[in-house]
Number of protein chains: 2
Amino acid sequence: MPMNFENLADALKALADPTRLKIVSLLNVRDCCICELVPLFGISQPAVSKHMRRLKTAGLVHETRKGMWVFYGLNADRLAEIGVSLSRLPDLRADLEHLQQQGLLVCE
Amino acid sequence: MPMNFENLADALKALADPTRLKIVSLLNVRDCCICELVPLFGISQPAVSKHMRRLKTAGLVHETRKGMWVFYGLNADRLAEIGVSLSRLPDLRADLEHLQQQGLLVCE
DNA sequence: TTACCTTATAACTATGTAGTTATATATTGC
DNA sequence: GCAATATATAACTACATAGTTATAAGGTAA
């Protein structure tokens with residue numbers, strides 16, 4: 001899946017929140033359900049549930065129901081993919097050369 | 001500078017926008033000034049200026065005035081640092097063990 | 001069925017953000 | 001000083017988001 005700027009920005013937005021970063025770090029240890037996570041944060045159960053949904057939409061976690069509980073697990077490869085995308089940003093040389101041909105660059 | 005969740009979230013927020021990701025990619029080719037970048041985006045000069053300010057606050061770019069122009073350059077090490085932080089999230093095993101001692105974990 | 005626990009959703013509030021236009025500031029060169 | 005260009009800031013609008021409380025829905029077990 002090619003990560004264009006829109007996709008990458010959406011993925012980064014999903015990570016760009018201290019609560020979700022901590023959730024991801026916790027799931028990196030082991031799968032957890034909502035009711036285990038709630039006491040680790042000063043926020044309500046629905047708030048944690050909504051963070052989870054955000055992470056799931058971004059492909060960062062997957063869920064498995066076990067009886068009453070829904071266990072969430074980290075998609076570590078997806079997280080890694082996002083980090084790698086940051087270090088492999090596209091080469092936009094062509095865009096600048098095009099500007100140059102139009103005389104829109106300041107100094108030669 | 002230790003990257004706690006707040007710091008990292010702030011840095012990721014600065015990157016979590018398609019326009020800023022493209023700006024960063026362009027500055028990765030070479031330093032640019034605002035008036036060069038504006039024609040590459042469908043937005044106004046003040047909008048580009050504000051994106052730049054956001055990136056500067058996050059430590060991702062630095063500026064150098066040359067005559068009328070202000071040239072912005074990418075702080076590549078800062079960008080790399082953010083990517084690495086994503087792949088080196090803190091180990092929160094202790095938090096989960098603490099929960100376990102309190103009997104707040106569902107299974108086991 | 002009923003009671004109970006867990007999770008998700010709805011409706012709302014407060015705040016942040018990305019854009020706009022208008023204007024101020026900085027710099028160059030006449 | 002004055003005109004022209006580049007950049008930054010101010011004031012505003014529209015929309016996204018992170019939280020809340022209340023409630024619905026899913027699942028277990030008496």
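Bear in mind that the values here come from a model prediction, so they are computed numbers and not experimental data. Chain letters run A, B, ... following the sequence lines, proteins first and then strands; every chain starts at 1.
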Atom [atom1] of [X] and atom [atom2] of [N]: how far apart are they, to the nearest Å?
X: B:K56; N: D:dT9; atom1: NZ; atom2: C1'; result: 15 Å
X: A:F71; N: C:dA8; atom1: CZ; atom2: C1'; result: 17 Å
X: A:E63; N: C:dT7; atom1: CD; atom2: P; result: 11 Å
X: B:K50; N: D:dA6; atom1: NZ; atom2: C1'; result: 18 Å
X: A:Q45; N: C:dA10; atom1: CD; atom2: P; result: 14 Å
X: A:D17; N: C:dT15; atom1: CG; atom2: C1'; result: 14 Å
X: A:M52; N: C:dT9; atom1: CE; atom2: C1'; result: 17 Å
X: B:E36; N: D:dT7; atom1: CD; atom2: P; result: 8 Å

Out of [options], which nucleotide sits closest to the side chain of [X]?
X: B:P46; options: D:dG26, C:dA8, C:dT21; value: C:dT21
X: A:K13; options: D:dG19, D:dT17, D:dA18; value: D:dT17
X: A:W69; options: D:dT17, D:dA10, C:dT6; value: C:dT6
X: B:V70; options: C:dT6, D:dT7, C:dT27; value: D:dT7

From CA spacing to verdict: side-chain contact (heavy atoms from CB on, under 4.5 Å), A:L15, A:I82: CA-CA 10 Å; A:L15 286 170; A:I82 295 167; 4.0 Å; yes
If you look at every heavy atom in [X] and [Y], which pair is closest and at what distance?
X: B:K13; Y: A:A16; value: CE-O, 3.1 Å
X: B:S85; Y: B:L8; value: CB-CD1, 3.8 Å
X: B:I43; Y: B:V38; value: O-CG1, 3.9 Å

Whichever of A:M68 and A:G42 has its nearest DNA chain D nucleotide further upstream toward 5':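 That would be A:G42.
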Does [X] put a side-chain nitrogen or oxygen below 4.0 Å from OP1 or OP2 of [N]?
X: A:R54; N: D:dA18; result: yes
X: A:R53; N: C:dA8; result: no
X: A:S49; N: C:dT7; result: no
X: A:S44; N: D:dT20; result: yes
X: B:Y72; N: D:dA8; result: yes
X: A:R65; N: C:dT6; result: no

Derivation of the side-chain contact (heavy atoms from CB on, under 4.5 Å) call for B:L79 and A:L89: CA-CA 11 Å; B:L79 175 61; A:L89 289 175; 3.9 Å; yes
Position toward the 5' end of DNA chain C (nearest nucleotide), A:A47 or B:K66: A:A47
